[in-house]
There are 2 protein chains.
Amino acid sequence: MTTNTKTPAAVLPLNSILSGDCIEAMRALPDACVDLIFADPPYNLQLKGTLHRPNNTQVDACDDHWDQFDSFRAYDEFTRAWLAEARRLLKPDGALWVIGSYHNIFRVGAELQNQGFWILNDVVWRKSNPMPNFRGKRLTNAHETMIWASRDEGAKYTFNYEALKELNDGVQMRSDWVIPICNGGERLKDDKGDKAHPTQKPEALLHRILVGCTKPGDVVLDPFFGTGTTGAVAKMLGRDWIGIEREEAYRKVAEKRLSKVRRFDKTALEVTQSKRAEPRVPFGQLVERGMLRPGEMLVSPRGQMAKVRADGTLIADDVKGSIHKVGATLEGAPSCNGWTYWHFRRDGKTVSIDVLRQQIRAEMGR
Amino acid sequence: MTTNTKTPAAVLPLNSILSGDCIEAMRALPDACVDLIFADPPYNLQLKGTLHRPNNTQVDACDDHWDQFDSFRAYDEFTRAWLAEARRLLKPDGALWVIGSYHNIFRVGAELQNQGFWILNDVVWRKSNPMPNFRGKRLTNAHETMIWASRDEGAKYTFNYEALKELNDGVQMRSDWVIPICNGGERLKDDKGDKAHPTQKPEALLHRILVGCTKPGDVVLDPFFGTGTTGAVAKMLGRDWIGIEREEAYRKVAEKRLSKVRRFDKTALEVTQSKRAEPRVPFGQLVERGMLRPGEMLVSPRGQMAKVRADGTLIADDVKGSIHKVGATLEGAPSCNGWTYWHFRRDGKTVSIDVLRQQIRAEMGR
DNA sequence: CACGGCAATGAATCGTACT
DNA sequence: AAGTACGATTCATTGCCGT
């Protein structure tokens, strides 16, 4: 695979399901074309005939250690191949989510790290209604594990912190998510009324992932598309999606499902923004506009004083510099947000200078 | 290492702490001599800079030398070596528990499988009070992962299903356990009042593992003993233990701690064979968390007495069972709400156990 | 003594944009 | 590319101290 077989992004097969083996299908896509990948790979180590040893002989059912080892090796090879393609398709600041159980997740996680992905969190899907352990020989297997990883260490991955915090009743979202398994009306059935897919994931899971880790208009790839939960939620949320699925029966169910999905209206898609996303206002503008006068004194919560200078810096004793630097120095702190630290007096009341910044931002919005 | 270097089990260094490197120390022990291994290996955290809270105080990070590895490869080699020795020390029907975070657990789990261990469950320790994510860049890292594995596939490992079910108030124990982090009076301090060990595990965690996966008189090995939580709980529960710890400071703290631990009395250690119980917040959690101690007496409004047992059941005269069943039997009533019926004494006052349930509910409300 | 306020702290892979 | 400056960011629990 060379990197000069690029296809213009304009011809990406957006919002469609590709048929065929996921590794082959990924090879036909250009480098760095997707923002997020959600992957729910098979974890049956025998993979029902889909797994082959490196010499192309088929792995069959086994229970002794050598065969077990062979089976692990074949699974590792499969994992290495699809993860490498997934990595190639990700934009530099893209990220990957992968879900699995104890049968496969340790192998997937180790290979992720080996390839240079940078794990951001492991997340536990805590099932509120799991299937019990009927034989009483083990604990109820009541969760699955997801790994969230950026393509590279230091990448500027998307994380809508405030949005997830809102989803979680005002406290920051944790790494353990309590979500019911997919059943009831959401569970897709085939013509005979049986479940259409053995491991259909709940839309709530994908909703949280896509709200938290993508922006509207992002491209989301699911190389193990199944009956299309990823595509359905992506469509609802106004994200573009690409699915890959080799089983025709699943593709058919997914096509039908997706044709019925409607995008949420635009205002419903807006999520709470971080302050970081708001425009930067230089402190000097407050002076330029006459909201604060040169020579005026600012005061900190602990009673520290500083004088405003004409160039938008402060001076306190022998300390000069920005509102942040002077605040940090006076507090002996490694850093300080001068906007919330400093206050001024008007009509006998003490007011945060951040109020003035908000006034300017409000004017900019008009 | 040949298999004929066996030492008679009689000379096993039971109930003592071995000093030195865990791999070397394990090599000095005979094949197939322990029933259960609990291992809390270094996590290889790979922390880079310093982290400050929003109030500018610095987070006391785990940056100890013993947690530093040069590369994944070095960590894998370390993992391979200690796991191989652990496997050799296990009896054929023995089992291993290992705890870790996303930094290391995938590598440990994969190597476990490579060596022929058979994973029985992965278990999530959901922390009720984790440290938040201060910069809002990721999800709150609110859990750690444990792997429970038998030495071999098909082994007849110990699993006290009924005991864990009783601990969970009559419903099957799940693979996700909500337990607070270790702090307050349980957290060991050094001479200066600082935490004696950066990563001391809560006794409730070990209590559940040892009640569920060992029998009285079993030998429990902890190759990363630290300040001895495994030994302390093993001693309370009447299990023999062996600890290995290379840091003298930790050994000293552990020795002092263990000298003070007392074994629970015999009736408290008997584990229920029957079925029964039903409600919601498990009474057993009060025991695991140390809110009530095995052997402690409860009293009813009419002065009936009952003793708390390690699996969360009560015993009064010849009546054994849940708080509800014992209450009903003593009253000659068809049923009884044990939560309002039973009381315990603290500081000379009589308090309903329902107060403790409300505390747990408050914790779990999040 | 009870209660409230305030400080301390826990296995953490914890910036970003501009010059 | 590297250096500099801005400025955003926390939850549950324990324990001390003052009223």
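Letters A, B, ... are given to chains in the order of the sequence lines, protein chains preceding strands, and every chain is numbered from 1.
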Integer angstrom distance from the C1' of C/dG10 to that of C/dC14:
15 Å
Is the B/W66-B/F224 ring centre distance short of 6.0 angstrom?
no
Once you measure the plane-to-plane angle for B/Y75 and B/F69, does it fall in the parallel (<30°), tilted (30-60°) or perpendicular (>60°) bin?
perpendicular
Can you identify which nucleotide, out of C/dA2, C/dA11, D/dC11, has its nearest atom closest to the B/K349 side chain?
C/dA2
Taking D/dT9, C/dA11, D/dC6 as options, the one with an atom nearest any side-chain atom of B/R135 is D/dT9
When you measure from every atom of DNA chain C, which of residues 115-126 of chain A have a heavy atom less than 4.0 Å away?
A/W118, A/I119
Give the residues of residues 189-208 of chain B touching DNA chain C, defined as any heavy atom closer than 4.0 Å, sorted by residue number.
B/K195, B/P198, B/T199, B/K201
State, yes or no, whether a side-chain contact exists between A/W177 and A/R208 at a heavy-atom distance under 4.5 Å.
yes
Proximity to the side chain of B/V59 - top-ranked nucleotide from D/dA12, C/dA12, D/dC11
C/dA12
Is A/E153 touching bases, backbone alone, or none of the nucleic acid, heavy atoms closer than 4.0 Å?
nothing
Which one, D/dT13, C/dT13, C/dA11, comes nearest to the side chain of A/Q113?
C/dT13
Taking the six-membered ring for Trp and the single ring otherwise, decide whether the centroids of A/Y157 and A/W118 are under 6.0 Å apart.
no
Ring centroids only, cut at 6.0 angstrom: are A/W342 and A/F283 within range, meaning strictly under it?
no
